[in-house]
2 protein chains.
Amino acid sequence: MTDSPAKKTKSDRTREAILEAARLLFAQKGYDGTTVRDIAAAAAIDPAMVIRYFGGKDALFARAADLDLRLPDLTTLPRHAVGEALVRHFLTVWEGDGGTIGLPIALRSAASNDLAAARLREIFATQVAPAIARLAGPDAPAVAGLVATQILGLAFTRYVLRLPPVVALPRERIVAEVGRSIQAYIDGARP
Amino acid sequence: MTDSPAKKTKSDRTREAILEAARLLFAQKGYDGTTVRDIAAAAAIDPAMVIRYFGGKDALFARAADLDLRLPDLTTLPRHAVGEALVRHFLTVWEGDGGTIGLPIALRSAASNDLAAARLREIFATQVAPAIARLAGPDAPAVAGLVATQILGLAFTRYVLRLPPVVALPRERIVAEVGRSIQAYIDGARP
DNA sequence: GTAAAATGCCAACACGTGTTGACAAATTCA
DNA sequence: TGAATTTGTCAACACGTGTTGGCATTTTAC
């Protein structure tokens, strides 16, 4: 049913509409702040359809927040450029409207919803930690944690809290300065 | 009524009990996740009392989240030690159970509640930004923003998201590594 | 001791939530 | 065309929310 990209039945179209509306609203208002009725209204259909197509709000969120950070293979880069590359990558993913807007979704919701928090931890464990592990040696978990500290902090202040001076920061400056911090965390593991 | 510390009328005692329970629950569950009934139960009184004593949930939150970061005067420290001092200060404030548990409250709530977000931005503007401004010159807002990026990210991953490797990080290592990053942000403004 | 004020509990309200079932409209298939 | 299946709408349920007013109980003051 889901793996026939050529045929677009009517139901698939509204299913996509629901998912898209859900992603947008979850990202804007968080899990608890988003109601099924809001999603239905944004998708221009009945609230009942949201439940019928996805089984419930929880299941819909799980589907909407099933995000892929698309982390590049860090070992192919020159070691001294990993920090900046990481920051540049995340800024691109977050700011690209076409791609996945997933991280802000999870970030916003994780603060007050245990399900979302668990999902974010899982994303970190399965995507960020392994990528760092390849170049940080035995101390990788701590390094990955420090990196997460800075990356999530940037995402939070810029996209969730929308702290004015952070929003105003030009992209290249963020890449340079935050990149240097992350580089320091990574280098610290292999002095 | 409020400025007679000697006399502790019965009502003042329960008023304090409500406020204390509210602070704890807001910090644990966020604004939206905390119900008036929960607070009342924790304070061992009736939900109606919460409204009667504080006028409503919003007003109670405003009172509970009225936090003071107690930032030290950064100009009295040797310039190269400001980064570590800042991190050490925040860790002490956050981990000290006796003091204000305010920042995690605001952090958790700010993600999904506009009122809490505005309050956090205000705290940043009135407390963090001026402290940085004294030693960062004309570029102070950007520097303060970068610092906030790292500090709030640390608070978020360690106390809200509870990312295991960050929770496991020993205090002194956080002071050293995160302190170095913050120091770099501050030094970057005055090369 | 008695009147008055405070402190507190109970039941209920109006509302918004996720979710469900019955029924109409549209689409598909023969 | 006619029957069957899908797609959608409507109304309603059961529940949890913040909030309110009325009444019992305790404390205070004379």
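Side-chain atoms are counted along with the backbone in the values below, which use heavy atoms only and exclude waters and symmetry mates. Chain letters run A, B, ... following the sequence lines, proteins first, then strands; residues in each count from 1.
Atom CZ of R13(A) and atom P of dT27(C) are 11 Å apart (whole Å).
Sorted by first then second residue, the ring pair (Phe, Tyr, Trp, His ring centres under 6.0 Å) pairs that include residues 67-93 of chain B, not counting sequence neighbours, are F90(B)-W94(B). Applying the side chain to side chain donor-acceptor pair (under 3.5 Å) test to every pair with at least one member in residues 54-65 of chain A, sequence neighbours left out, gives these pairs: Y31(A)-D58(A). A side chain to side chain donor-acceptor pair (under 3.5 Å) check over residues 111-121 of chain B, counting only residues at least two apart or in different chains, returns the pairs D32(B)-S112(B). Pairs passing the side chain to side chain donor-acceptor pair (under 3.5 Å) check and including a residue from residues 161-172 of chain A, sequence neighbours excluded, read R88(A)-E172(A), T92(A)-R171(A).
For T14(B), there are no side chain to side chain donor-acceptor pair (under 3.5 Å) partners two or more places apart in sequence or in a different chain. By the side chain to side chain donor-acceptor pair (under 3.5 Å) test, T75(B) is found to be paired with D73(B), residues two or more places apart in sequence or in another chain being considered. Judged as a side chain to side chain donor-acceptor pair (under 3.5 Å), and not counting sequence neighbours, T34(B) has no contacts.
The footprint of chain B on DNA chain D, defined by a heavy-atom cutoff below 4.0 Å, extends from dT17(D) to dG21(D).
Without hydrogens or angle criteria, Q183(A) side chain to R79(A) main chain gives a donor-acceptor distance under 3.5 Å.
Non-hydrogen atoms lying under 4.0 Å from DNA chain D are contributed by I45(A), D46(A), A48(A), M49(A), R52(A), Y53(A), all within residues 43-57 of chain A.
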